[in-house]
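Comments concern the structure below.
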Amino acid sequence: MGAVSQRLFGVEWQGPVLLASGTCGYGEEYSDLIPLDDLGGLVTKAVSVEPREGNPPHRISETPGGMLNSIGLENVGLEAFVREKLPWLEENLDRARVLVNVVGNSVDEYAAVVAGLDDEDGFLGYEINVSCPNVEGGTMFGTDREALGRLVERLRGETDRPIVVKLTPNVPDIGAYARVCEEAGADGLSTINTFPGMLIDVDKRRPVIGNVNGGVSGPAILPMGVYLTWQAATATDLPIIGIGGIRSAEDALQYVLAGASLVQIGTALFVDPESAVGVTEGIEKYIEERDVGDLSELVGTVDVERPARVGLGYE
Amino acid sequence: MGAVSQRLFGVEWQGPVLLASGTCGYGEEYSDLIPLDDLGGLVTKAVSVEPREGNPPHRISETPGGMLNSIGLENVGLEAFVREKLPWLEENLDRARVLVNVVGNSVDEYAAVVAGLDDEDGFLGYEINVSCPNVEGGTMFGTDREALGRLVERLRGETDRPIVVKLTPNVPDIGAYARVCEEAGADGLSTINTFPGMLIDVDKRRPVIGNVNGGVSGPAILPMGVYLTWQAATATDLPIIGIGGIRSAEDALQYVLAGASLVQIGTALFVDPESAVGVTEGIEKYIEERDVGDLSELVGTVDVERPARVGLGYE
Amino acid sequence: MTATTATGGGSAEPIPLRENRATPRRHWAPVVRNREVAEATWWLEVDAPEIAAASRPGQFLMIGFGVENTGAPFIPRPFSVGWRSPEGVIGLLVRAFGAGTRRLGALDPGDDVLLLGPLGSAFRPEPGRPSLCVAGGVGLAPFLFLAPEFRDRGHEVRLLYGERTGARVFDPDLIRELTRGDVEIWTEDGEAGSRGLVVEGIDLSDDPILMGCGPTPMLQALARTAFEEEIPLQVSVEEHMGCGIGTCQGCVVPAAGGGWMKACTRGPVFEARELQWEL
Amino acid sequence: MTATTATGGGSAEPIPLRENRATPRRHWAPVVRNREVAEATWWLEVDAPEIAAASRPGQFLMIGFGVENTGAPFIPRPFSVGWRSPEGVIGLLVRAFGAGTRRLGALDPGDDVLLLGPLGSAFRPEPGRPSLCVAGGVGLAPFLFLAPEFRDRGHEVRLLYGERTGARVFDPDLIRELTRGDVEIWTEDGEAGSRGLVVEGIDLSDDPILMGCGPTPMLQALARTAFEEEIPLQVSVEEHMGCGIGTCQGCVVPAAGGGWMKACTRGPVFEARELQWEL
Ligand SMILES: Cc1cc2nc3c(=O)[nH]c(=O)nc-3n(C[C@H](O)[C@H](O)[C@H](O)COP(=O)(O)OP(=O)(O)OC[C@H]3O[C@@H](n4cnc5c(N)ncnc54)[C@H](O)[C@@H]3O)c2cc1C
Ligand SMILES: Cc1cc2nc3c(=O)[nH]c(=O)nc-3n(C[C@H](O)[C@H](O)[C@H](O)COP(=O)(O)OP(=O)(O)OC[C@H]3O[C@@H](n4cnc5c(N)ncnc54)[C@H](O)[C@@H]3O)c2cc1C
Ligand SMILES: Cc1cc2nc3c(=O)[nH]c(=O)nc-3n(C[C@H](O)[C@H](O)[C@H](O)COP(=O)(O)O)c2cc1C
Ligand SMILES: Cc1cc2nc3c(=O)[nH]c(=O)nc-3n(C[C@H](O)[C@H](O)[C@H](O)COP(=O)(O)O)c2cc1C
Ligand code: FES
Ligand code: FES
């Protein structure tokens, strides 16, 4: 058990770095490029009860310091996921943990995915993606505290596995949403999903993205993610998975100090698949060089009483 | 009257580009570097009823593709603004329009600034910055629709000058806030202010910014700003000033096509003061080359029924 | 996973579009040479022997600048393998489009780029029939690589290459040198080769199969011809890409039967009949 | 607005910290030369005659890469004018700190940077008293410029320069050439000059005034000395900057009487008594 391992959600995590949902498929492709089973784990592409076709192209485009995507939650659906994707995960990942990202347009749809998966092998628990339109409620689950509470309560009733709720950033007080999840029985939080964004092709005078708008990810959102993670961490006692713009150990450590026990890497994987490995190694080095003991001793230890600036001269 | 001039808020605007609040002081410093009176105008640093000291350093730091700031609304206060700053604006700006950015911790504080300024010369109207903590309500005016409505109504009673409300981006439905402003009598909207963010110095394990968190601006937020502008524009009939990450004519035109009649440039001024001039020239060139007639014919004309992607080959 | 040999001679086996693909490799590679070869168009050579050896005509690379860089291009950009030397140098034909391609054009020898490849499907010759390759603009790139490879395997290749203007035409002598064969050039302004659209040069008298890479209108013209004349057509398509390896689902193109196919793993080379066309 | 002359001789007028400052100019300037002169430290020369002519010792420039660039550094970074040639070349002493300084270190001749300057206040000699300049690390930069300028005006200048290690020391011969005078070097590891902290070299026997630029502990030691011995001390301070011209209020430092002062316009050179010290 190394300095970066932790016990969370009832199991041992050999490292803090997971691959983020939607950026690593169901794991197989990256297994050719990086030693997947040496990582903390991965979160699958969203799984919905029925297969989804997804949105028309362009589905992605670059933005300053990041990217915009609107995949439309294209996925093979619950049944094909169990048949075609889970077996690979079970067979190939021993030490790395798997969370299944779950989506739906209604509480029942979410519950059906969880119920349909719960007896299968090959994964640890669920990451609930609440950045979906709530067909019943007209908003998103992630921006409506009541709907969110109902959703999490219902899922709590369906499973004893860990439930991690992935929060949406475009709310004025993410702490309140974090508390709703905690009270409804969630085991952890993922902060954050992408920011709503849009790009316009000024020559054609049309949106670049086929679905008009999409989600902004990548380094551009790093300071927002760190802040929202800190807010969520100070609002609840739940373990938190920090997400948003991470591409280096230093980025990841900002999330850890803000309150995250684990982190996820998404967009940076596209830029360099090995970034996930580099982040893990960099965190190990940081702990070693500073004689910190282990990673869990760093979680949430940012000293907000004192700013970094001291004195008048060069630092 | 050129192709980029428009009639808005009861007056002629010679061009669509304004300098954003907090990034151009009260105008004087940039007048040495760029022909200020040739621009559309500028928005002053926030003015509060009493002077404000602002926050401890560091007040700013770079983030990927942008910057984080927490100035703490340092300003000279209403009285000194009228005595020391307005006269320069009156004397030196003839054609460029001036909006005074107004802040307060209570409805009364906002109202006092507007009442105290209304009989003075040297400015056209107000930009109401609602990203301030509402001391009475415990939230921010910008994230509490009721408080926002009360604030705008009250200010409407204090002045006949144009009232532009500058909206906060971290809300799930900016359209609803836009409608509240419209119903309460606002004349226009500015979209958007900065996103809450935080950076942590991982060596010192302290926040980089003296005030712990701050606001993220710059190119990093461009796609969010375009999207929120489009949302606000489709929710109301008010003229909109688009803000967020603009550094080129192409960026500005995205806002225009999304529904903004005017735009503001903030962070890019620090990178290159002449960017404001370049954006204006680039918009003129775009209109000329495409034979559009004039700028107002472009406002809000993004065709969201058809995405930019056509065909299978190279574009 | 089987890597193909670098340049084999004479074998006439068919190379299926998507079979026997090599596992992609990710590594930094130094720029060996970079020359502006036509208006806003560069011939960029990078030293990447492993990827070169595993590449097949039609496949592509993702080219990026690593995670420390957050300026454009941040997300890697896809480029067809445009050539390979026996020593493992890969040639890329890059045309300025936006910030990313301009940055590639400004690279100097010794600068490093981060490569991921080879990726995607490859063009496949049909034994006994000539491959009539129709290139528009930088759609020339995959055929510069294809022509000598196919010829070495004993397949006949004819190359048509069109550009809007003469100023944009990639040096015909260099094309002949790289492809070890001839090229027929068309330009819309008539400043180089024949005046007109490249598709006007299509001659079906020797019963060729068609291969195309270029702008949408050109691909559409090819597809109309192929469907009308019932000739096999393989096209290399373009779409914005994120991962290049099939995980992000960002790069989809419409499938003939409805739904979507990933351009990065099922493509970029498709049989025209697999795709949904708007003709 | 009055631009000072480039290098005048012999005049003994005092130069007030904040008077007669030139209006800043914004323009692109080509890199003339860039050399690594010590561990992770470069001497960067840019051709900017107008800014050079208007600069005074202690003033700084904002150096950026323009709005097309969104990679780090996006926001321009402040650097002291480290020297000027009669022809208008400006020398800058740059030490790697983060992404921005590393990027400056990697610049090649012919590359362009966007300059805004000269900015801020300047050091001021006191007629008849030597200026004892105490530099820590790249805090040396303003004094490389100051020493020859003050000497040309007939003021005596003594220069103490400290570094943590010998490997970081900027070539003493080059310092002597640039400053047209001598330098006393201190290093903590004793690998160059005397072993110890630079402040140990302070000798007040000739009734000097003190000028300092360097790390916080060094400035604090200087301030203690100055306050105890009642000697005038001017220090150049550092703070993160946005605009460099006083509009963003980003760069404040604590004022003696409470409240804040902008380092970019009231500073970067302050009389020590204007500032709030934590000693
Ligand atoms: C399989 C394949 C092979 C290709 N081969 C070649 C080749 O050999 N030579 C050549 O010159 N070009 C080739 N291209 C096209 C090349 O990838 C684009 O010209 C390039 O990505 C444009 O990038 P840019 O930064 O210059 O443009 P930008 O200004 O960034 O963008 C220009 C356009 O490209 C879009 N774009 C943004 N991100 C991506 C992305 N990740 N992938 C693709 N487009 C994006 C932008 O949204 C915009 O519409 C190929 C494309 C594909 C899919
Ligand atoms: C008046 C003045 C004169 C200076 N003169 C010199 C000199 O002659 N030679 C020299 O080597 N250094 C000088 N510096 C220091 C130099 O500006 C910093 O080392 C440099 O800004 C660090 O940038 P970076 O990108 O390398 O570091 P980063 O990795 O970007 O950041 C390093 C630190 O700098 C901070 N920073 C971010 N943005 C800014 C900003 N806009 N301004 C300042 N700091 C920022 C970061 O938050 C971080 O704490 C001077 C500073 C000032 C204020
Ligand atoms: C192409 C793409 C697809 C994504 N799909 C999903 C998804 O299916 N479910 C989900 O919860 N998040 C999804 N995300 C969001 C990421 O998991 C992550 O929260 C976000 O990208 C921020 O992290 P990053 O900046 O490291 O990319 C997706 C992101 C990208 C870029
Ligand atoms: C240093 C700084 C100070 C700011 N001060 C104010 C302010 O006083 N009032 C206000 O409404 N907005 C303020 N803003 C926000 C800007 O006006 C603008 O909304 C934001 O920066 C986004 O635009 P940009 O990306 O072009 O900078 C400030 C921004 C910066 C960077
Ligand atoms: S580019 Fe990611 S799936 Fe094709
Ligand atoms: S840097 Fe903007 S006020 Fe000093």
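All heavy atoms count here, side chains included; hydrogens, waters and symmetry mates do not. Just so we're on the same page: letters track the sequence lines, and every chain starts at 1.
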Find the one option among [options] whose heavy-atom pairs under 4.5 Å with chain A are most numerous.
options: B:G142, B:P169, B:P196, B:P57; answer: B:P196
options: B:G245, B:A220, B:G218; answer: B:A220
options: B:G66, B:P56, B:G65, B:P172; answer: B:P172

Using every non-hydrogen atom in the two residues, find where [X] and [Y] come nearest and quote the distance to one decimal.
X: B:P223; Y: A:P64; answer: CD-CD, 4.4 Å
X: B:V212; Y: A:V304; answer: CG2-O, 3.6 Å
X: B:L253; Y: A:V202; answer: CB-CG1, 3.8 Å
X: B:V208; Y: A:A308; answer: CA-CB, 4.0 Å

Does some side-chain heavy atom of [Y] sit less than 4.5 Å from a side-chain heavy atom of [X]?
X: A:V171; Y: B:V171; result: no
X: B:V302; Y: A:P207; result: yes
X: A:V226; Y: B:L199; result: no

Against chain A, label [X] side chain, backbone, both or neither, depending on which of its atoms sit under 4.5 Å from a heavy atom there.
X: B:V310; result: side chain
X: B:V216; result: side chain
X: B:A258; result: both

**Asked** Side chain, backbone, both or neither: which part of A:I221 has a non-hydrogen atom closer than 4.5 Å to chain B?
**Response** side chain

**Part of A:L298 lying under 4.5 Å from any heavy atom of chain B** = side chain

Short of 3.5 Å, which donor-acceptor contacts do chain B and chain A share? List atoms and distances.
residue	atom	partner	partner atom	Å
B:M198	N	A:P223	O	2.9
B:I200	N	A:Q254	OE1	2.8
B:V202	O	A:Y286	OH	2.4
B:D203	OD1	A:R290	NH2	2.3
B:K204	NZ	A:A308	O	3.1
B:K204	NZ	A:E315	OE2	2.6
B:R205	O	A:D303	N	2.9
B:P207	O	A:A308	N	2.9
B:P223	O	A:M198	N	2.9
B:Q254	OE1	A:I200	N	2.7
B:Y286	OH	A:V202	O	2.4
B:R290	NH2	A:D203	OD1	2.3
B:D303	N	A:R205	O	2.9
B:A308	N	A:P207	O	2.9
B:A308	O	A:K204	NZ	3.1
B:E315	OE2	A:K204	NZ	2.6

